[in-house]
Amino acid sequence: MTIAPEEQQTEVPEGHVRLTIDGQEVIAPEGELVIRTAERIGTVIPRFCDHPLLDPAGACRQCLVEVEVNGRPMPKPQASCTITVAEGMVVKTQYTSRVAEKAQEGVMELLLINHPLDCPICDKGGECPLQNQAMAHGRATSRFVDKKRTFPKPLAISSQVLLDRERCVLCQRCTRFSEQIAGDPFIEMLERGPNQQVGTAETSDVIDSASRTSAGDPFQSYFSGNTIQICPVGALTSAEYRFRSRPFDLVSSPSVCEHCSAGCSLRSDFRRGKVMRRLAGEDPEVNEEWDCDKGRFAFRYATSRDRIRKPLVRDAGTGELREAAWTEALRRASQALLDARERGGGAVLAGGRLTVEDAYAYAKFARMALRTNDIDFRARAHSAAELDFLTSRVLGTGVGSESGVTYADLEQAPAVLCVAFEPEEESPIVFLRLRKAARDRGTRVFHIGQWATPSVRKTFGELLTCPPGGEAAAVAGIAGHAADLDEALRTPGAVVLLGERAAEVPGLFAAVDELSRRTGARVAWIPRRAGERGALEAGAVPVLLPGGAPVSDAGARAELASLWGTDVSALPANRGRDTGEIIAAAAKGELDALVVAGVDPDDLPDPAAAREALRTAGFVLSIEMRPSPVTEHADVVLPIAPVDEKSGSYLNWEGRKREFEVTLEGTGALPDCRILDTLAVEMDVDLFTQTPSATGAELARATEIARRYGTPEAGGTGQQRQAPAEVRGADGASSGGGVVLATWHQLLDNGSLQVDEPHLAGTARRAVMRMSAATAHRHGIEQGGQTTVRTGRGELTLPAEITDMPDDVVWVPARSPVSVRSALGVGHGGAVTLTAGSPPGEAQPAARGEGDRA
């Protein structure tokens, strides 16, 4: 704050100091950096190494200012990014001190001695701090006449990040981000003096004329793209974007990430109707200024060559799909759905990547057009206990609610317990916030799992090991076996984070609910997919009306019918089928039609049963963007718009609404809500969901209705199941004495939304099969040796990785390289057999990928 002359004698608040900057008196908090205090009063000091979210380094020396303390001037200019304010300090910046101005000019001259003058071809040209500050704070002419040093370029820090070393000004932003924020200290400062450069040990082969070499680790990180964005001089560039465009050629549009439930703010830059790059947006309440590589780079699926751009119908004569006009496809689909409604009925598998508005349109379409509550967004392992938990503990919570949890709560929490949740793999921004809390505030982060994953190590966490399927018992036994954790969870502000894998563990929801009630810790559910939280609120589940009221509530149905302009008798009142029940009913011929919204069978609990259901169903309508296993069985395929070509919103895991507008106009692609509205008209039903804005406004009114009637209590939608004495696999064989499977998704796998991103794929973590040394010894398996897990359904072979974990447990990634459920028929907690090696000549099982929504 600035002190007016008449207020100069105002008492300084406790914990603050009074100082003068360029003749202006300022009150600042103790410990604040001079450069931050100057920013608050509008004085911009040039800098390169300084970043508000990184620890001070004082590396570039561009922010030099003249400083006087206690009436005594310091002997030389000081770096304002490392010196903190003090009572009575007098600071003179380049605006009032020729000493500071000359020092800054000298530093700039030194930086430009070897920096190449390649601005016209540099990816940073046009948005470069070095360009801007050279003009504002540099000398008008150069005195350097010698030859600039050069290096071979580019050097691959990873398959995604390329380094032009001659551009580097040694600001250390990239190294500090990697070490402090991401916890991936693979990129370092190498050598000293004139040979000092940034890189990895693997890229140090041409540091000087001696061509020294050394061995080391490549830069492998889920957050490497942030180093490109914060590099102030274009030394780090993206392999995919490099030389593709100039910043001044691009049009920027704010957007929201569609890949997970973090709800990251993004900026999409496009040219000539094509998105060229994505950057992390600045949102202090959510992703701060960071983004994971999946959100930053995985957007080219929208321009994939196999994208479906016209409706497809299956030809009665040939049995093949062919392109058709919208009129023909809609009429064929509407007639088939009308016929199905009069016979066995239809059901909707909505998937987990829908916007809130699209999810509401599917929920309304199911009730009004199909007249059924058979709809579920959970295109993954699920349970009745999970649905109870979601309706009783998650539905209706959000930012500002008493029981809601936010990113800020995680950062301030004294303790956080992660249950059936792998933060770095399933919600990378949550992981960054946990690491920040642990590193800066001493938050204790506990994990219940099978092995010390990177998430455990990088959050300075404490691991409570248990066998797969034993998480419920581990949670229930915290008071008896982990007294320190139990005490930590009783501390006000403690949080329990629950992942989607909890649905695979019988009794876990009940155990977490009891833990929360006993300790007072708040619980947050963090799904992996972007649209799941919004789909719950929109009623895309078999027990909730759109808006969140129970389907059994006559009053809520009556008000909703009035809002929709229909008779209440037309709305179904009975509980609908969930995803598993829908698939089982379709396989038995009890359902005549399925509406599938981008669901991949390989993600479902039983992929074989899902494919059988698709084959058996009388009619399959697939609403998707790219071909999938559902397309093979679809009678009609309707193409939809990707995120960049429509507007809408997501609800992130906090319950925070994340709105976005159209990035690419005029493509002709239609959002799901518009397609469903047109299809319903063909069925003589008016949904009034022509646009996302109109759909969202109606959902808001439906939500107001739901609030008047409440939500189902726990136990009202299904029955909590107790954990069995022993874990059983899909074939019913007990795992007692055998090997139990642990599995979850890695962030970068063979998902369909990562198509056409070979550089991104190159940074994926290696797929291995983990087991303890004792387990490996018992089965004759050596480190790195090919190892096979089998069930009665199939087998999967991967290299072995000896890991400190419980015996008789084997861990494999869920979809790297193939779908575990498709290959083995079991998921987390399933029984498998383990053998060394693989049968000669047998190929690996193939799977398409995550593919829930494209």
Side-chain angles (χ1 to χ4, degrees), residues 123 126-127 225-226 228-229 238 240-241 244-283 286-287 289-305 307-309 353-359 361 429 529-531 534 598 623-626 639-652 656-675 690-696 752-757 760 853-854:
D123 281 357
E127 57 181 12
N226 293 285
I228 299 171
Q229 184 168 343
S238 163
E240 180 61 37
Y241 175 72
R244 298 298 193 277
S245 183
R246 301 272 69 78
F248 41 79
D249 294 330
L250 302 173
V251 179
S252 298
S253 174
S255 57
V256 174
C257 183
E258 73 274 33
H259 287 290
C260 78
S261 65
C264 294
S265 175
L266 298 178
R267 191 187 96 191
S268 295
D269 291 348
F270 64 95
R271 183 184 68 169
R272 298 174 184 171
K274 181 179 180 181
V275 174
M276 304 301 295
R277 66 175 180 180
R278 278 181 174 176
L279 302 176
E282 185 173 349
D283 191 334
V286 180
N287 58 310
E289 298 180 28
W290 315 126
D291 188 22
C292 75
D293 285 357
K294 187 174 182 179
R296 182 182 298 270
F297 297 120
F299 60 85
R300 301 187 189 278
Y301 63 88
T303 56
S304 177
R305 291 183 179 181
R307 175 176 165 181
I308 304 170
R309 298 183 179 272
R353 295 197 187 277
L354 298 172
T355 64
V356 176
E357 295 77 12
D358 289 340
I429 301 303
R529 289 167 172 145
I623 303 178
E624 58 188 343
M625 200 192 73
R626 294 181 55 245
I640 47 88
V643 170
D644 293 326
E645 299 176 27
K646 65 181 179 181
S647 60
S649 64
Y650 292 110
L651 276 187
N652 73 349
R656 188 191 303 269
K657 193 171 185 179
R658 310 296 288 158
E659 297 180 284
F660 59 92
E661 295 298 326
V662 179
T663 296
L664 301 176
E665 300 273 5
T667 64
L670 302 178
D672 298 60
C673 61
R674 174 68 180 277
I675 291 174
Q690 295 95 335
T691 65
S693 58
T695 307
S752 67
L753 296 189
Q754 299 163 57
V755 69
D756 290 345
E757 292 291 347
L760 177 63
R853 187 73 188 161

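Just so it is clear, the model here is predicted, and its values are computed rather than measured.
Of all the heavy atoms in L250 and R271, the pair that sits closest is CD2-CB, 4.0 Å. In plain terms, the two heavy atoms of N287 and G281 that are nearest each other are ND2-O, 3.3 Å. Nearest heavy-atom pair, A302 versus R307, reported as atom, atom and distance to 0.1 Å: O-NH1, 2.9 Å. Taking each heavy atom of G263 and V286 in turn, the nearest pair found is O-CG1, 3.6 Å. In terms of heavy-atom proximity, P671 sits nearest to K646 at CB-CD, 3.9 Å. Between E258 and A298, the closest heavy-atom pair is OE2-O, 4.3 Å.
Side-chain contact between S265 and P254 is absent, with no heavy atoms from C-beta onward closer than 4.5 Å. Residues Y301 and S752 are not in side-chain contact: their nearest non-hydrogen atoms beyond the backbone lie 4.5 Å or more apart.
Here the OG-CG distance, from S268 to L664, works out to 8.0 Å after rounding to the nearest 0.5 Å. How far OG of S693 is from CD of E659: 10.5 Å, rounded to the nearest 0.5 Å. Going from atom CD1 of I640 over to atom CD of E645 covers 9.5 Å, rounded to the nearest 0.5 Å. Atom-to-atom distance recorded for L670:CG and T691:OG1 is 12.5 Å, nearest 0.5 angstrom. Atom SG in C257 sits 8.5 Å away from atom CD1 in I429 (nearest 0.5 Å). Separating the CZ atom in R529 from the NE2 atom in H259 is a distance of 13.0 Å, to the nearest 0.5 Å.
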Audit row: S255, V643, side-chain contact (heavy atoms from CB on, under 4.5 Å) steps and yes/no: CA-CA 9 Å; S255 57; V643 170; 5.7 Å; no
Worked check of side-chain contact (heavy atoms from CB on, under 4.5 Å) between S253 and F270: CA-CA 8 Å; S253 174; F270 64 95; 4.2 Å; yes
Derivation and outcome, side-chain contact (heavy atoms from CB on, under 4.5 Å), residues N652 and K657: CA-CA 7 Å; N652 73 349; K657 193 171 185 179; over 6 Å; no
Test side-chain contact (heavy atoms from CB on, under 4.5 Å) applied to L760 and E240, step by step: CA-CA 9 Å; L760 177 63; E240 180 61 37; over 6 Å; no
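The 12-atom threshold is not exceeded at CD of E661, counting heavy atoms of other residues, nucleotides or ligands nearer than 6.0 Å.
A donor-acceptor pair is defined here as one N or O able to donate and one able to accept, closer than 3.5 Å; such a pair exists between the side chain of E357 and the backbone of S649.
Test L651, V356, D283 against R658 for side-chain contact (heavy atoms from CB on, under 4.5 Å) and you get one pass: D283. The only option from T663, D756, V275 that meets the side-chain contact (heavy atoms from CB on, under 4.5 Å) definition with F299 turns out to be V275.
When the ring pair (Phe, Tyr, Trp, His ring centres under 6.0 Å) test is applied to F660, the partners found at least two apart in sequence or on another chain are Y650.
Taking the charged nitrogens against the carboxylate oxygens, R277 and E127 do have a contact shorter than 4.0 Å, which makes a salt bridge. Taking 4.0 Å as the cut-off between side-chain N and carboxylate O, D269 and R244 do not count as a salt-bridged pair. The existence of a salt bridge linking R278 and D291 is excluded, since no basic side-chain nitrogen approaches an acidic carboxylate oxygen closer than 4.0 Å.
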